[in-house]
Amino acid sequence: MLPSRPGAERVNATSPVPAQAFRFSTPVIDTPGILILGRWIARLIALVVLLPFRFPVVVGTVAASAVVYSFFGWVGLAVVWSVAGLGLLVWWRRWPSSFRVLVALRALAAWRWLWVYRRHWQPVLVVAGLAESYQERQYLPRIRRVTCSVWADRVRVRLVAGTTPADFESRVAELAHGFAAPSCRITVLGPRDIVCEFPRTDTLAEPLDALPVPEMSDPASLPVGQREDGSTWFLRLHGTHVLVVGVTGAGKGSVIWSAVRALLPSICSGTARVWAIDPKRMELSYGRSLFARYADTGESAVALLEEAVAQMQERAQRYAGKQRAHIPTTGDPFTVVVLDEVAFLTAYHPDRDVRRRAENAIATLTSQGRSVGFCVLAALQDPRKEVMNLRNLFPDKVALRLDEASQVDMVLGEGARDRGANAHLIAPELPGVAFVRLEGSPVPVRVRAAYVSDDDIDAMTAEYGTPVLRPVTREGAA
Ligand SMILES: Nc1ncnc2c1ncn2[C@@H]1O[C@H](COP(=O)(O)OP(=O)(O)OP(=O)(O)O)[C@@H](O)[C@H]1O
Ligand SMILES: [Mg+2]
């Protein structure tokens with residue numbers, strides 16, 4: 001017999017080691033049948049008592065139908081139902097918006113609760129890893145309410161104690177696929193109280209024509225497009241700086257032009273002015289006469305930026321100790337420096353001196369210009385630090401279609417992608433669609449910029465442009 005090698009020795013996996021000699025386990029006690037029955041009866045009573053409160057319309061309808069039937073029989077019931085149906089028809093035709101809010105969307109919410117969310121809740125959450133277990137019992141987050149808007153379902157959820165909204169935020173893709181929605185976004189309402197928003201249709205699928213030029217423009221709230229919920233997307237320029245990021249063809253031009261368009265009344269009245277830098281000469285040169293200053297070469301762009309810095313510092317000097325906020329006037333107009341393809345100046349320009357001076361000027365403008373009425377609106381294709389290390393100096397960012405998932409957080413800040421800002425998944429057929437973070441909310445909102453066509457720009461220059469470039473003096477008179 002061959003001598004056994006130490007490594008080949010048979011090990012008895014179940015042989016107890018001394019520490020495992022005693023095994024304690026929970027004793028199994030049979031629950032008396034009467035207790036189980038009692039519990040079922042209690043739950044049934046609670047259900048019957050709570051039903052009218054949870055579903056007042058359904059319970060009321062059924063109860064009223066039963067009363068009518070008991071007094072007037074089938075014929076009476078048929079007459080009452082026909083009259084009610086006719087009433088609803090008249091309501092729908094006569095007052096469609098109130099019918100939509102009070103009847104259609106509520107009925108849809110009840111249906112979606114029953115057919116989609118309640119039915120699939122447990123399997124989807126268990127597979128997505130959102131069910132918790134404790135002492136061999138499974139705990140599921142509970143659906144509190146389902147409501148429907150014209151474009152999305154909002155599922156209000158009560159979290160299991162000990163879990164956080166971040167658990168849901170990191171599983172938005174699983175939830176969206178699980179409930180057959182194109183995406184999912186999470187909003188936190190309070191402790192253990194969140195809302196999962198599942199869009200039903202893409203309200204931004206159709207391009208949006210240029211918005212009408214407003215009568216008066218407020219540079220702190222310029223209408224530039226539409227939000228996913230159908231409301232207007234307002235972009236703030238006064239008091240901030242905005243960086244618009246997107247791959248080539250993502251629609252950066254439409255954000256810039258929509259902002260310029262909304263600013264036209266202020267430009268016309270002299271309380272705002274736009275200085276444009278257009279290294280590609282393809283974007284802003286088209287509406288050149290709308291701009292108080294225009295530059296398209298590296299040297300002239302740097303000169304323009306340095307001039308802006310000088311005016312900003314002169315204004316800050318005048319305001320020092322007298323005024324803390326800027327109010328746009330013709331003497332001190334709100335100045336927007338529009339920079340298309342900012343990386344041309346900060347990274348790609350062959351002259352190192354131009355790059356350095358441009359970077360210094362942009363950094364000074366973005367770090368000091370906000371409160372004295374200077375704003376930088378810059379467009380960029382590649383948000384990586386090597387290309388644009390100043391991106392954190394822009395408080396507001398717009399993420400159009402991006403190349404990579406990792407770029408989403410670079411643009412919109414940490415956690416934006418987990419919250420559903422899938423800018424890297426925006427279809428190329430949807431230029432102008434973007435994710436933004438609105439003031440006071442960490443939840444990214446999907447928006448689409450209105451498309452300002454060449455004809456619109458022609459009309460704008462014809463009405464608001466000046467044939468000769470307006471000289472800009474130190475005092476800012478345009
Ligand atoms: N908001 C929009 N709605 C519909 N179509 C748009 C919108 N914005 C842009 N487009 C279409 O996409 C094309 C490219 O847009 P745009 O020139 O603005 O892209 P860009 O991001 O500026 O690209 P680049 O970096 O190459 O300049 C436009 O010619 C237009 O046809
Ligand atoms: Mg462009």
Side-chain angles (χ1 to χ4, degrees), residues 202-213 222-228 230-235 242-263 274-288 290-291 294-297 301 336-349 376-384 387-388 391 394 396-404 407-408 410-412 423-436 445-460:
D202 187 358
T203 49
L204 304 176
E206 292 302 318
L208 197 65
D209 288 338
L211 300 182
V213 178
L222 298 166
V224 291
Q226 189 186 308
R227 285 160 59 169
E228 200 168 30
S231 59
T232 306
W233 169 31
F234 290 98
L235 183 72
V242 182
L243 185 63
V244 184
V245 190
V247 296
T248 178
K252 298 182 288 296
S254 63
V255 179
I256 291 177
W257 275 113
S258 292
V260 171
R261 186 175 170 85
L263 204 59
V274 179
W275 292 10
I277 296 176
D278 185 18
K280 279 195 282 195
R281 301 188 180 100
M282 290 299 292
E283 188 68 72
L284 304 170
S285 59
Y286 204 73
R288 207 172 154 150
L290 293 169
F291 307 127
Y294 178 86
D296 53 11
T297 61
V336 187
V337 180
V338 177
L339 263 159
D340 192 33
E341 201 40 62
V342 59
F344 169 77
L345 289 177
T346 59
Y348 308 143
H349 196 279
V376 181
L377 171 60
L380 178 69
Q381 287 187 0
D382 182 349
R384 284 172 304 148
V387 178
M388 177 72 176
R391 62 166 195 254
F394 290 81
D396 291 330
K397 291 156 192 127
V398 178
L400 289 147
R401 182 160 61 89
L402 297 174
D403 255 343
E404 297 162 16
Q407 294 182 346
V408 176
M410 282 183 207
V411 179
L412 293 177
H424 58 298
L425 298 182
I426 295 173
E429 307 81 58
L430 296 177
V433 170
F435 285 91
V436 290
V445 174
R446 195 162 167 267
V447 294
R448 185 161 197 177
Y451 180 55
V452 183
S453 66
D454 292 357
D455 290 344
D456 293 320
I457 299 174
D458 280 340
M460 284 156 63

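Source: prediction; values computed, not measured. Every number for a ligand or one of its atoms is a count from 1 in the order of the listing.
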Considering only heavy atoms of [X], which atoms of ligand 1 have at least one such atom less than 4.0 Å away?
| X | value |
| --- | --- |
| V247 | 21 (O) |
| E283 | 17 (O), 22 (O) |
| Q381 | 24 (P), 25 (O), 26 (O) |
| R448 | 3 (N), 4 (C) |

Can you confirm whether [X] sits close enough to [Y] that some side-chain heavy atom of one is under 4.5 Å from a side-chain heavy atom of the other?
| X | Y | answer |
| --- | --- | --- |
| V411 | R391 | no |
| V452 | I457 | yes |
| L222 | R261 | no |
| R227 | V447 | yes |
| V244 | L400 | yes |
| D296 | M282 | no |
| R448 | W233 | no |

Thinking salt bridges, do D202 and R446 make one under a 4.0 Å N-O criterion? yes

Can you find a protein heavy atom closer to atom 13 (C) of ligand 1 than 4.0 Å?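 There is no protein heavy atom less than 4.0 Å from atom 13 (C) of ligand 1.
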
Any atom of ligand 1 sitting under 4.0 Å from a heavy atom of [X]?
| X | value |
| --- | --- |
| L208 | no |
| E341 | no |
| K280 | yes |

How close does the nearest protein non-hydrogen atom get to [atom], and which residue and atom is it?
| atom | answer |
| --- | --- |
| atom 19 (O) of ligand 1 | G251 N, 3.3 Å |
| atom 1 (N) of ligand 1 | A449 O, 2.8 Å |
| atom 29 (O) of ligand 1 | Y451 OH, 3.9 Å |

Taking the inter-plane angle between the rings of F344 and H349 on a 0 to 90° scale, is it parallel (under 30°), tilted (30 to 60°) or perpendicular (over 60°)? perpendicular

Nearest option to [atom], as decided by whichever heavy atom of [options] sits closest:
| atom | options | answer |
| --- | --- | --- |
| atom 22 (O) of ligand 1 | G225, G246, P207, G253 | G253 |
| atom 23 (O) of ligand 1 | A434, G249, P431, S453 | G249 |
| atom 26 (O) of ligand 1 | T248, V452, V245 | T248 |

Y286 OH to D278 CG distance, which is reported to the nearest 0.5 Å: 13.5 Å

If I take atom CG from residue L243 and atom NZ from residue K397, how far apart are they, to the nearest 0.5 angstrom?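 Between L243 CG and K397 NZ, I get 7.0 Å after rounding to 0.5 Å.
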
Shell of protein N/O/S atoms around the Mg ion (ligand 2), taken as anything under 2.8 Å: E283 OE1

Contacts of D209 that satisfy side chain to side chain contact (heavy atoms under 4.5 Å, CB included) - sequence neighbours left out: none

May I ask you to check whether S254 has an N/O atom sitting below 3.5 Å from an N/O atom of ligand 1?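 There is such a contact, yes.
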
Please say whether A250 places an N or O atom under 3.5 Å from an N or O atom belonging to ligand 1.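 Checking ligand 1 against A250, an N or O pair does fall under 3.5 Å apart.
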
Which heavy atom in G287 sits nearest to a heavy atom in W257, and how many Å separate them?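 Answer, listing the atom of G287 first, then W257: CA-CH2, 3.6 Å.
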
Heavy-atom closest pair (I426 atom, L430 atom, distance to 0.1 Å) is CG2-O, 4.0 Å

